[in-house]
A.B. asks: 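Please read through the structure below; I'll follow up with questions.
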Amino acid sequence: MHFTLADLVTDITQNAVEAGSDEVVLEVSETDKEFRFLVKDNGKGMTEEELKRAIDPFVTDGIKHPNRKVGLGLPFLIQTAEQSGGGWDIKSEKGKGTTVTAWFDTGNVDMPPIGDIPGMFRTILMFNTNAEIILRRKKIDNEEYEISRSELGEAIGGFEEVGSLVLLGEYLSSLENE
C-alpha cells in the first residue's frame, strides 16, 4: 500500500505516461474538507472489459511486470478513497485515453497523509518520457498554478543534471509555499 496520497498519485500518473500518451494532465486540488486529483491521458485507453480487469487486484496483463500475478495500482486507489470517506471515477475509451479521478475526505481519520506535493511533482516531471506533462494545482487558499514539462525543461536545461533538479525542486517548493 502507499504511505501517502502523493505516492498514490505518482503511481496513477506513471500508469498514464506508460499508456503511450502524448499528453498527461494531472490536476491536484485541496480544500479544507477534500483532497482531489484527476489524471487524464490520451493513451491507448481501455475497453469496458479491460477496465473491469484493471480494477480487479487479482488480475494483471503480465506485460508491464512479467513476474507479477496481481495488479494493485487502481485497486489501492479505490480502497484508499473509499476507506477515507471519498470516492473515485474512471472513464476510458479504447484508442482515446483514460481519466482517473479520486477524492478524499481530509477530516476522515483513515485518510493517509497527503505527503510531499513538490517532491511528487518533481518525480512526475522526471519520468522517462517524451509526453507533455501538464500539472495544475489549486491549493487550500485558492491559489492556483499550472506548469508544463516542456516549458520547465527548457527553462532549467532538462531533467538530467543534478543542478537542474535542485533548481526544479526549489521552484516547485516556492510555488507551494507562496
Side-chain angles (χ1 to χ4, degrees), residues 1-19 21 23-43 45-46 48 50-60 64-65 68 70-93 96-127 133-149 169 171-178:
M1 194 141 201
H2 299 87
F3 180 70
T4 68
L5 293 180
D7 297 334
L8 188 59
V9 173
T10 301
D11 185 44
I12 300 301
T13 308
Q14 184 174 10
N15 289 345
V17 168
E18 292 174 350
S21 304
E23 181 178 274
V24 175
V25 175
L26 168 59
E27 298 177 0
V28 177
S29 62
E30 270 181 273
T31 68
D32 58 347
K33 297 180 182 191
E34 182 181 80
F35 178 88
R36 175 180 290 263
F37 77 89
L38 173 143
V39 178
K40 181 178 182 180
D41 70 64
N42 65 352
M46 295 178 277
E48 191 172 318
E50 288 171 323
L51 181 55
K52 285 179 186 175
R53 286 195 314 268
I55 64 175
D56 182 339
F58 302 106
V59 175
T60 184
K64 183 176 176 184
H65 302 287
R68 284 194 191 163
V70 296
L72 297 174
L74 290 173
F76 275 155
L77 167 69
I78 292 165
Q79 178 186 7
T80 304
E82 289 177 350
Q83 80 181 12
S84 62
W88 59 278
D89 183 56
I90 303 172
K91 292 183 177 22
S92 192
E93 188 175 342
K96 296 201 175 182
T98 302
T99 301
V100 176
T101 307
W103 54 96
F104 307 83
D105 177 353
T106 58
N108 189 295
V109 68
D110 290 323
M111 189 183 109
I114 292 172
D116 177 12
I117 298 293
M120 173 188 75
F121 283 163
R122 182 170 55 182
T123 298
I124 289 168
L125 290 167
M126 291 170 47
F127 285 160
I133 299 174
I134 299 168
L135 305 174
R136 296 184 182 129
R137 175 77 163 115
K138 185 174 181 182
K139 301 186 290 183
I140 283 180
D141 58 9
N142 287 322
E143 290 288 323
E144 297 181 40
Y145 61 87
E146 179 178 308
I147 52 181
S148 72
R149 185 174 196 272
Y171 176 66
L172 293 170
S173 292
S174 75
L175 290 173
E176 273 305 299
N177 297 324
E178 283 183 345

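Numbers for residues simply follow the sequence, beginning at 1. Just the heavy atoms: all of them, side chains too, but no hydrogens, waters or symmetry mates, feed the values below.
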A.B. asks: Please, which pairs that meet side-chain hydrogen bond (donor to acceptor under 3.5 Å, both in side chains) have at least one residue in residues 101-111, sequence neighbours excluded?
C.D. replies: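 Not a single pair qualifies under side-chain hydrogen bond (donor to acceptor under 3.5 Å, both in side chains).
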A.B. asks: Would you indicate whether the side-chain heavy atoms of Ile12 and Leu77 approach each other to under 4.5 Å?
C.D. replies: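 Leu77 reaches Ile12 side chain to side chain.
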A.B. asks: Determine yes or no for a side-chain-to-main-chain donor-acceptor pair under 3.5 angstrom, with Arg149 supplying the side chain and Phe127 the backbone.
C.D. replies: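 Yes; judged by distance alone, with no hydrogens or angles, the pair exists.
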A.B. asks: Taking side-chain contact (heavy atoms from CB on, under 4.5 Å) as the test, write out the residues that go with Glu143, two or more places apart.
C.D. replies: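 So Glu143 forms a side-chain contact (heavy atoms from CB on, under 4.5 Å) with Lys139, Asp141.
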A.B. asks: Report the distance from atom CZ of Phe104 to atom CG of Leu5, rounding to the nearest 0.5 Å.
C.D. replies: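 So the gap between those two atoms works out to 5.0 Å.
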A.B. asks: For the side chain of Asn42 and the backbone of Glu23, is there at least one donor-acceptor N/O pair under 3.5 Å apart?
C.D. replies: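 At least one qualifying donor-acceptor pair exists.
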A.B. asks: Would you please name every residue forming a side chain to side chain donor-acceptor pair (under 3.5 Å) with Arg36, sequence neighbours left out?
C.D. replies: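 Per chain and number, Arg36 pairs via side chain to side chain donor-acceptor pair (under 3.5 Å) with Glu34.
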A.B. asks: Are Thr31 and Ile140 close enough that some pair of their side-chain heavy atoms sits under 4.5 Å apart?
C.D. replies: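 The answer is no; the side chains never approach within 4.5 Å.
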A.B. asks: How long is the gap from CZ on Arg53 to CG on Leu51, to the nearest 0.5 Å?
C.D. replies: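 Reported value, rounded in 0.5 Å steps: 10.0 Å.
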A.B. asks: Between Val39 and Phe37, does a side-chain contact (heavy atoms from CB on, under 4.5 Å) hold up when you go through it step by step?
C.D. replies: CA-CA 7 Å; Val39 178; Phe37 77 89; 3.9 Å; yes
A.B. asks: Rounded to the nearest 0.5 Å, how far apart are CG of Leu172 and CG of Leu135?
C.D. replies: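 If I round to the nearest 0.5 Å, the distance is 8.0 Å.
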A.B. asks: Which label fits Phe121 and Tyr145: parallel for a plane angle under 30°, tilted from 30 to 60°, or perpendicular past 60°?
C.D. replies: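 Taking Tyr145 first and then Phe121, their aromatic rings stand perpendicular (interplane angle over 60°).
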A.B. asks: How would you list, by chain and number, every residue that makes a side chain to side chain donor-acceptor pair (under 3.5 Å) with Thr98, sequence neighbours excluded?
C.D. replies: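 Once residues adjacent in sequence are excluded, the partners of Thr98 under the side chain to side chain donor-acceptor pair (under 3.5 Å) criterion are Ser92.
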A.B. asks: Identify, with sequence neighbours excluded, every residue that meets side chain to side chain donor-acceptor pair (under 3.5 Å) alongside Tyr171.
C.D. replies: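 Expected list: none.
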A.B. asks: Tell me, do Ile90 and Leu74 make a side-chain contact under 4.5 Å, heavy atoms counted?
C.D. replies: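 A side-chain contact under 4.5 Å exists here.
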A.B. asks: Got a sec, which residues hit side-chain contact (heavy atoms from CB on, under 4.5 Å) with Ser148, two or more places apart in sequence or on another chain?
C.D. replies: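 Counting only residues at least two positions away or on another chain, Ser148 forms a side-chain contact (heavy atoms from CB on, under 4.5 Å) with Glu132, Ile134, Ser150, Glu151.
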A.B. asks: Would you please name every residue forming a side chain to side chain donor-acceptor pair (under 3.5 Å) with Glu27, sequence neighbours left out?
C.D. replies: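 Listed in chain order: Arg136.
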A.B. asks: Suppose we screen for salt bridge (Lys or Arg N to Asp or Glu O under 4.0 Å). Which residues come up paired with Lys33, at least two apart in sequence or across chains?
C.D. replies: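 Once residues adjacent in sequence are excluded, Lys33 has no partner under the salt bridge (Lys or Arg N to Asp or Glu O under 4.0 Å) criterion.
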A.B. asks: One pair to check against side-chain contact (heavy atoms from CB on, under 4.5 Å): Met46 and Glu93. What are the steps and the verdict?
C.D. replies: CA-CA 5 Å; Met46 295 178 277; Glu93 188 175 342; over 6 Å; no
A.B. asks: Any idea which heavy atoms bring Ala54 and Pro75 closest together, and the distance?
C.D. replies: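 Closest approach of Ala54 to Pro75, heavy atoms only: O-CD, 3.7 Å.
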A.B. asks: Counting only N and O atoms by type, is there a donor-acceptor contact under 3.5 Å from the side chain of Ser21 to the main-chain atoms of Ala16?
C.D. replies: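 Confirmed, Ser21 side chain pairs with Ala16 backbone.
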A.B. asks: Would you name the heavy atoms of Ser84 and Met111 that are closest together and state the gap between them?
C.D. replies: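 So the minimum-distance heavy-atom pair works out to CB-CA, 3.6 Å.
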A.B. asks: Any side-chain heavy atom of Val100 within less than 4.5 Å of one from Trp88?
C.D. replies: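 No. Closest side-chain heavy atoms not under 4.5 Å.
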A.B. asks: Taking only residues two or more places apart in sequence, or in another chain, which ones meet Lys138 in a side-chain contact (heavy atoms from CB on, under 4.5 Å)?
C.D. replies: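 Expected list: Ser29, Asn142, Glu144.
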A.B. asks: Are the side chains of Met120 and Val28 in contact, using a 4.5 Å heavy-atom criterion?
C.D. replies: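 In short, these two side chains touch, coming nearer than 4.5 Å.
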A.B. asks: Less than 4.5 Å apart, any side-chain heavy atom of Leu175 and any of Ile147?
C.D. replies: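 Side-chain contact under 4.5 Å: yes.
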A.B. asks: What's the separation between atom CD1 in Ile114 and atom CG in Leu8, rounded to the nearest 0.5 Å?
C.D. replies: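 Here the interatomic distance stands at 12.5 Å.
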A.B. asks: Rounded to the nearest 0.5 Å, what separation is found between the OG1 atom of Thr10 and the CZ atom of Arg122?
C.D. replies: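 If we round to the nearest 0.5 Å, Thr10:OG1 and Arg122:CZ are 12.0 Å apart.
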A.B. asks: Among residues at least two apart in sequence or on other chains, which ones pass side-chain contact (heavy atoms from CB on, under 4.5 Å) with Asp32?
C.D. replies: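 side-chain contact (heavy atoms from CB on, under 4.5 Å) list for Asp32, sorted by chain: empty.
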A.B. asks: I'd like to know if the side chain of Thr123 and the backbone of Gly119 have a donor-acceptor N/O pair within less than 3.5 Å.
C.D. replies: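 Yes, Thr123 side chain to Gly119 backbone: donor-acceptor pair under 3.5 Å.
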A.B. asks: Side-chain donor-acceptor pair under 3.5 Å between Asp7 and Thr4, yes or no?
C.D. replies: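 Checked: Asp7/Thr4 side chains pair up, N/O donor to acceptor below 3.5 Å.
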A.B. asks: I'd like to check the salt bridge (Lys or Arg N to Asp or Glu O under 4.0 Å) partners of Glu82; sequence neighbours left out, ordered by chain and number.
C.D. replies: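 Scan of Glu82 (salt bridge (Lys or Arg N to Asp or Glu O under 4.0 Å), adjacent residues dropped) gives none.
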A.B. asks: With a 4.5 Å cut-off on side-chain heavy atoms, are Asp41 and Val25 touching?
C.D. replies: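 With C-beta onward as the side chain, the pair stays apart.
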